[in-house]
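Below you'll find the structure, written out as C-alpha cells, and then a few comments.
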2 protein chains.
Amino acid sequence: MEYQEAKDKFISTWGSLGTLWGINKAMAQIQSLLFISTKPLSMEEIMEELKISRGNTSMNLRQLMDWGIVTKELVPGERKEFFTTEKDVQELARHIAKERSRREIKPVIKILKDVSSIKDDGTEKTKELIKQTKALHDLAETADTMMNKIVNQEHNWITKSLLKLIK
Amino acid sequence: MEYQEAKDKFISTWGSLGTLWGINKAMAQIQSLLFISTKPLSMEEIMEELKISRGNTSMNLRQLMDWGIVTKELVPGERKEFFTTEKDVQELARHIAKERSRREIKPVIKILKDVSSIKDDGTEKTKELIKQTKALHDLAETADTMMNKIVNQEHNWITKSLLKLIK
DNA sequence: CTAAACTTTCAATAATTATTGAAAGTTTAT
DNA sequence: ATAAACTTTCAATAATTATTGAAAGTTTAG
C-alpha cells in the first residue's frame, strides 16, 4: 500500500467512525486530515483535499474548535487562517470523552435519576420502572465516572497496573 | 411526576440515546418499552404503545434479536409471539459492548493496523502517517480490550477494587 | 386441505441530516 | 476610507436514513 492509498483509507475509515464518537462525517474527515498532516492547513487546502465546499469546511472547523480538538494557528506573513488538531492521542481522547460526557451522558443520567425518583404508588409497573431505571442510572454513572477518570489519567498508575492484570 | 409521564420520558430519552450505543430510535424505544414492562409484549402492543407501524416493529424487533438483547417468548395458548428483553443491566451492557466491538471497533482496528504498516519511504509525511495511525491503533486496541474485559466481568474483583480506588 | 391468524418483506414515501454556494460580514493593507 | 482577501451565515437542495402499508409469506386449527 502506497502513501496516498493509505492516507485515503485512513481518512475515510476514521471519518465513517465519526458516529461512534458522536460527530458527523465531514467533521471527522477534517480532523483526520489535520491529524496526519505535517503542517497546519488553510481552509483552501482542506476544501481541496476533501472536495467539500467552503461553507461546509467553515462550519465543521468551527464545531471542531468548539469540541476543543482543533485550534487556529497564525502563520506570520499570511493573511488567511491555518488549523491544527491536537496531535497527542491521549489528549484527544480526553477532550472527546469530556465533551461527550458533558453533552450527552450527564443529561441522560440526570433524567434517569428523575425518573427513578418518582413516588412509589405500590403498583407493580411503577415498582418495575423505578427498579430498572435505577439500575440503568447506576450503570451509566459508574461507566461515566470510570471513563472520565481513566481518560483523565488522574490515576495513571492504577490504569497501568489494571491493564497489566486485565490483558 | 406520575407513572405515565415518567415512562414516556424514559422511553424518549433512552430512545434518543440510541445513537450513543449505535442503534436507531425505534429500536431503542422498543427495547426501552420491554425493559420496563412487567410482562412480555406482543407486536400489537408494541405498535400501539409506540405508535409505529407493523413493518417497522417487525424489522426492529428482528434487529434487537440479532443484537441478542431481545428474545421471543411463547405464551401457552396464544397464537401470536411475545417479546422480552434482557432485564439485567450488566448482561445488557455485555451484549451491547460485544456487538459494537465486533461490528465497528474491531474492523477499524484492523484498518489502522494495515495503514500503520505501510512501508516507510523516508518522507516526512509517510513517517507522520505511520506514527499517528500507530498511536491511534494502540489506543483503540487498549480501549477495546479494557471495555470488553470490564464488561465481561472476567476480573470482577479487579474491577471492583479499581472502582473503589478511582471514585 | 384451507381459511384465519399472524409475521415478514420491500417499494414507495416521509423525515431527517448534511452540503452547497452565493450574499453578507469581517479584517487588513494601503 | 476603500478595496481586496478572507470567513461566516443560511436558505435552498441533495443525500441519507427511517417509516409506512399492503402484498406475499408462514403457521396453525379445525
Side-chain angles (χ1 to χ4, degrees), chain A residues 11-34 40-67 70-85 103-104, chain B residues 11-34 40-67 70-84 100 103-104:
Chain A
I11 290 171
S12 83
T13 304
W14 204 241
S16 68
L17 196 71
T19 57
L20 203 140
W21 44 291
I23 69 174
N24 74 33
K25 206 182 77 187
M27 226 175 124
Q29 291 190 155
I30 294 172
Q31 198 278 329
S32 306
L33 181 63
L34 294 173
L41 299 179
S42 68
M43 218 162 83
E44 214 70 42
E45 292 170 305
I46 295 169
M47 288 166 60
E48 159 75 15
E49 283 264 15
L50 302 177
K51 309 266 182 272
I52 59 177
S53 72
R54 188 174 297 283
N56 201 3
T57 308
S58 171
M59 286 170 117
N60 286 109
L61 275 171
R62 143 94 83 133
Q63 283 204 75
L64 285 163
M65 289 186 284
D66 289 348
W67 272 73
V70 162
T71 45
K72 274 187 190 161
E73 195 99 341
L74 287 180
V75 173
E78 284 276 12
R79 181 88 167 260
K80 52 169 153 307
E81 296 170 328
F82 287 78
F83 301 88
T84 42
T85 190
R103 294 170 193 228
E104 300 181 75
Chain B
I11 290 171
S12 83
T13 304
W14 205 240
S16 67
L17 196 71
T19 55
L20 203 139
W21 43 292
I23 69 174
N24 75 31
K25 206 182 78 187
M27 225 173 124
Q29 289 188 349
I30 293 172
Q31 200 277 330
S32 306
L33 182 63
L34 294 173
L41 299 179
S42 67
M43 218 161 84
E44 213 69 43
E45 291 170 307
I46 295 168
M47 288 167 59
E48 160 74 15
E49 283 264 14
L50 302 177
K51 308 265 183 272
I52 59 177
S53 72
R54 189 173 298 281
N56 201 4
T57 308
S58 171
M59 287 171 116
N60 285 108
L61 275 171
R62 145 94 82 137
Q63 283 204 75
L64 284 164
M65 288 186 284
D66 288 347
W67 271 73
V70 162
T71 45
K72 273 187 191 161
E73 195 99 342
L74 287 180
V75 173
E78 284 277 11
R79 181 89 166 258
K80 52 170 155 304
E81 296 171 328
F82 288 78
F83 301 88
T84 43
R100 280 217 101 177
R103 294 171 193 228
E104 301 182 74

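Proteins come first, then strands; the chains are lettered A, B, ... in the order of their sequence lines, and each starts at number 1.
Atoms CZ (R62(A)) and C1' (dT9(D)) sit 9 Å apart, rounded to a whole Å. Per the geometry, CE belonging to M47(A) stands 9 Å off P belonging to dT20(C), to the nearest Å. At whole-Å resolution of the value, CG in N60(A) and P in dT17(C) are 15 Å apart. The separation between K51(B) atom NZ and dG21(D) atom C1' is 18 Å, rounded to whole Å. Counting to the nearest Å, the C1' atom of dG21(C) and the CD1 atom of I52(A) are 14 Å from each other. Protein atom NZ of K25(A) is 10 Å distant from nucleotide atom C1' of dT19(C), rounded to whole Å. Atom CD of Q63(B) and atom P of dT9(C) are 12 Å apart (whole Å). One can place CE of M59(B) at 15 Å from P of dT17(D), the figure rounded to the nearest angstrom.
In this structure, E44(A) reaches neither bases nor backbone, as no heavy-atom distance under 4.0 Å exists between it and the strands shown. Counting any heavy atom pair closer than 4.0 Å across all strands shown, N24(A) reaches sugar-phosphate atoms only and no base atom.
Donor-acceptor pairing under 3.5 Å, judged by distance alone, is present between the side chain of R79(A) and the base of dT27(C).
Judged by distance alone, the side chains of S32(A) and Q29(A) never bring a donor and an acceptor atom under 3.5 Å apart.
K80(A) has its side chain out of reach of M43(A): every pair of non-hydrogen atoms, C-beta onward, lies at least 4.5 Å apart. Looking at E73(B) and F83(B), their side chains never come closer than 4.5 Å, going by heavy atoms from C-beta outward.
Side-chain N or O atoms of E49(B) include none that pairs as donor or acceptor with a backbone N or O of I46(B) at under 3.5 Å.
When each of dT8(D), dT20(D), dT20(C) is scored by its nearest atom to the side-chain atoms of N56(B), the top-ranked nucleotide is dT20(D). Nearest nucleotide to the A26(A) side chain, out of dT19(C), dT19(D), dT7(D): dT19(C).
Position along DNA chain D of the nearest nucleotide to E78(A) versus G55(A) favours E78(A) as the more 5'-ward residue.
An OP1 or OP2 oxygen of dA22(D) is reached within less than 4.0 angstrom by no side-chain nitrogen or oxygen of R54(B).
More than 12 heavy atoms of other shown residues, nucleotides or ligands fall within 6.0 angstrom of atom CD in E78(B).
Base pairing of dA23(D): its partner is dT8(C), meeting the Watson-Crick or G-U wobble criterion (both donor-acceptor distances under 3.5 Å).
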